[in-house]
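Just so you know, ligand 1 is whichever comes first in the structure, and atom 1 is the first atom listed for that ligand. Positions are given from 1, in the same order as the sequence printed here.
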Amino acid sequence: MYTPKPEDKFTFGLWTVGNRGRDPFGAETRPPIDPVDIVHMLADIGAWGVNLHDNDLVPIDATPSERNQIVSRFKKALEETGLQFVMGTVTLFFDPIFKDGAFTSNVPEIRRYAIRKTVEAIDLAAELGGKIFVLWGGREGTEVNASKNPMEAVKRFREAVNYLCEYVIDKGYDMKFALEAKPNEPRGDIFFSTTGAYLALIPTLDHPEMVGVNPEFAHETMAGLSFHHIVAQALEMGKLFHIDLNDQKIGRYDQDLRFASENIKESFFLVKVLEDGGYDGPRHFDAHAYRTEDIEGVKEFAKGCMRSYLILKEKVKQFNEDKEIQQILAELKVDSHEPLLYKDIKPDQLLAPDFDRKAWGAKGYGYERLDQLVFDLLTGVR
Ligand code: GCO
Ligand code: MN
Ligand code: MN
C-alpha cells in the first residue's frame with residue numbers, strides 16, 4: 001500500500017543519498033558512492049527520478065572528453081534502469097572562488113564566471129533531458145554588511161537570471177527555473193531570505209513566465225515560518241515549479257532531516273496542499289541520512305521519505321472522506337468562495353440589516369474539537 005510508484009514522482013538528488021555525513025565539526029562517516037550506483041539504488045527502492053548539481057557528476061576540473069565520458073556512462077545507467085532525470089542545478093557555493101558570492105559578487109569577473117558555469121550546467125541538464133533548473137544562491141549574502149550594497153545585489157541577481165533565461169530561449173531548451181531561498185547558512189545572512197522574497201522578485205524579471213520557486217521545508221522553518229502556507233501561495237500563483245521536501249526543527253542549523261520525521265502535523269498539511277491543490281511536479285527529497293548511518297541506513301532513510309509521504313497522502317484521503325470533519329468544514333465555510341465585487345455591492349450594501357457585531361465576537365468557532373479530530377486521525381486513533 002505504501003510502495004512508491006512512478007506516478008508518485010519521487011526524486012532524490014545525487015547529493016542527498018550520496019551525502020557522506022560530513023559536518024562542520026567532523027569528517028565524512030560514509031564512503032563516496034558512484035553516481036551510477038546511486039541511479040541503480042534509487043531505481044531499486046522505487047524512486048521515479050534523480051537530480052544533480054553539475055559537480056555531483058562532473059568534477060569542476062574535468063576536461064571536455066572526461067566530461068563526455070562521465071555523462072555517457074551516467075546516461076547509460078538511466079537507460080538501463082528507466083530512472084528519469086528531472087532537475088539540474090549548479091554548485092555556486094563549494095569552490096573557493098565563490099566565497100563572497102557568485103551572481104552578487106562585487107567582482108565582475110566572478111559574476112561572469114558564475115554565469116558561465118551555470119550555462120554549462122544548463123547544457124548538462126538539457127542533455128540529460130531535464131526540464132527544471134534550480135538556482136540556490138548559497139553564497140549570495142554577507143557577514144560584513146558594509147561589504148555589500150543590498151540594492152545592487154538585487155539588480156545583479158536579476159541580471160543573472162535574465163541572462164540565463166535569454167540563453168535558454170536562444171538554445172530552444174524546454175526548461176524553467178525554480179529559485180530556492182534560505183535565510184542563512186552558509187552565509188550569516190543570505191539575500192532573498194525566504195520564498196516570499198523570490199515571489200516578489202519574479203514579476204520584475206524580463207521573462208517571469210520562465211521562473212518560479214523551489215521552496216524547502218527546512219529553510220522556511222529555519223525562519224520560523226509556516227511551510228505549507230508559502231507552498232499554498234506559490235501554487236495558487238502558478239509558481240510552484242519544484243519543491244524540496246525534508247524536515248527541520250525551528251531555529252536550528254539546516255538539518256535536512258528525513259521527510260516528516262520531526263513535524264508530522266505540518267507535513268500532513270503540506271501533503272494536503274500539494275495533493276488537493278493539484279501540484280503535479282516532482283516530489284523531491286532534499287534531505288540526508290543521519291551521520292550515524294551506513295549505506296543500509298541511507299536506504300532506510302530514502303525509503304522512509306517516500307513511505308511517510310504516502311502515509312500522509314492516505315491520511316489526507318481519510319481527512320477528506322471523514323463525514324464529521326467534512327461537516328464541520330462545510331459549516332465553517334472553509335472552502336467556500338463568495339466573490340465580493342465593488343461593481344455589484346457598494347459599501348452601504350455590505351451589511352445585512354440584522355448584522356450583529358457583538359454576537360459574532362462572542363461566537364465560539366469549535367476549533368478545539370476540530371484540531372483534536374486531526375490529532376486523533378494522525379495518531380491512528382480515529
Ligand atoms: C542546502 C540547499 C541545497 C540546494 C541545492 C540545489 O541547504 O544545502 O537546500 O541542497 O537545494 O544546492 O540547488
Ligand atoms: Mn534545498
Ligand atoms: Mn537545506
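- Each of the following atoms of ligand 1 lies closer than 4.0 Å to a heavy atom of Thr89: 6 (C), 13 (O).
- Distance CD/Glu143 to NZ/Lys148: 8.5 Å, rounded to 0.5 Å.
- Atom OE2 is the N/O/S atom of Glu216 found closest to the Mn ion (ligand 3).
- Ring geometry for Phe269 against Phe319 counts as perpendicular: the plane angle is over 60°, on a 0 to 90° scale with 30° as the lower cut.
- Near Asp254, the atoms of ligand 1 lying under 4.0 angstrom from a non-hydrogen atom of the residue are 1 (C), 7 (O).
- When only interatomic distances are considered, the shortest N/O to N/O separation between Glu216 and ligand 1 falls below 3.5 Å.
- Contacts between Asp244 and ligand 1, counted as non-hydrogen atom pairs separated by less than 4.0 Å, involve the side chain only.
- Neither the backbone nor the side chain of Glu185 comes within 4.0 Å of ligand 1, counting heavy atoms alone.
- The atom name of the N/O/S atom in Asp254 closest to the Mn ion (ligand 3) is OD2.
- Ring orientation note: the planes of Phe259 and Phe285 are tilted relative to one another, at an angle of 30° to 60°.
- The atom name of the N/O/S atom in His219 closest to the Mn ion (ligand 3) is NE2.
- In summary, the side chains of Gln318 and Glu314 do not present any donor paired with an acceptor at a separation below 3.5 Å, with no hydrogens or angles considered.
- For the pair His219 and ligand 1, the shortest N or O to N or O distance falls below 3.5 Å.
- If you put the vertex on the Mn ion (ligand 2), OE2 of Glu180 and OD2 of Asp244 sit 100° apart, to the nearest 10°.
- Salt bridge Glu324/Arg382: present, at least one basic N to carboxylate O contact under 4.0 Å.
- Within the cation-pi definition used here (under 6.0 Å to the ring centroid, within 45° of the axis), Lys346 qualifies as a partner of Tyr342.
- In this structure, CG on Asp244 lies 4.0 Å from CG on Asp286, to the nearest 0.5 angstrom.
- Remark: ligand 1 atoms within the under-4.0 Å shell around heavy atoms of Lys182 are 1 (C), 7 (O).
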Given salt bridge (charged side-chain N to carboxylate O under 4.0 Å, His left out), test Glu262 with Arg252 step by step and report yes or no.
-> CA-CA 13 Å; Glu262 191 59 39; Arg252 310 285 166 95; over 6 Å; no
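- In summary, the aromatic rings of Phe157 and Phe191 are positioned with their centroids too far apart to meet the 6.0 Å limit.
- In terms of protein heavy atoms, atom 8 (O) of ligand 1 is closest to Trp136 CH2, 3.8 Å.
- Listed by number with element, the atoms of ligand 1 under 4.0 Å from a non-hydrogen atom of Glu180 are 2 (C), 4 (C), 6 (C), 9 (O), 11 (O).
- Note on Asp286: its N/O/S atom closest to the Mn ion (ligand 2) is OD2.
- Counting just the N/O/S atoms of Asp256, the one with the shortest distance to the Mn ion (ligand 3) is named OD1.
- For the atom pair CZ (Phe133) and CG (Leu135), the distance works out to 6.0 Å, reported to the nearest 0.5 Å.
- Looking only at protein heavy atoms, the nearest one to atom 10 (O) of ligand 1 is Asp286 OD2, 2.8 Å.
- For atom 12 (O) of ligand 1, the closest non-hydrogen atom of the protein is His53 NE2, 2.6 Å.
- Note that CG of Asp294 and NZ of Lys299 are 9.5 Å apart. Values are rounded to the nearest 0.5 Å.
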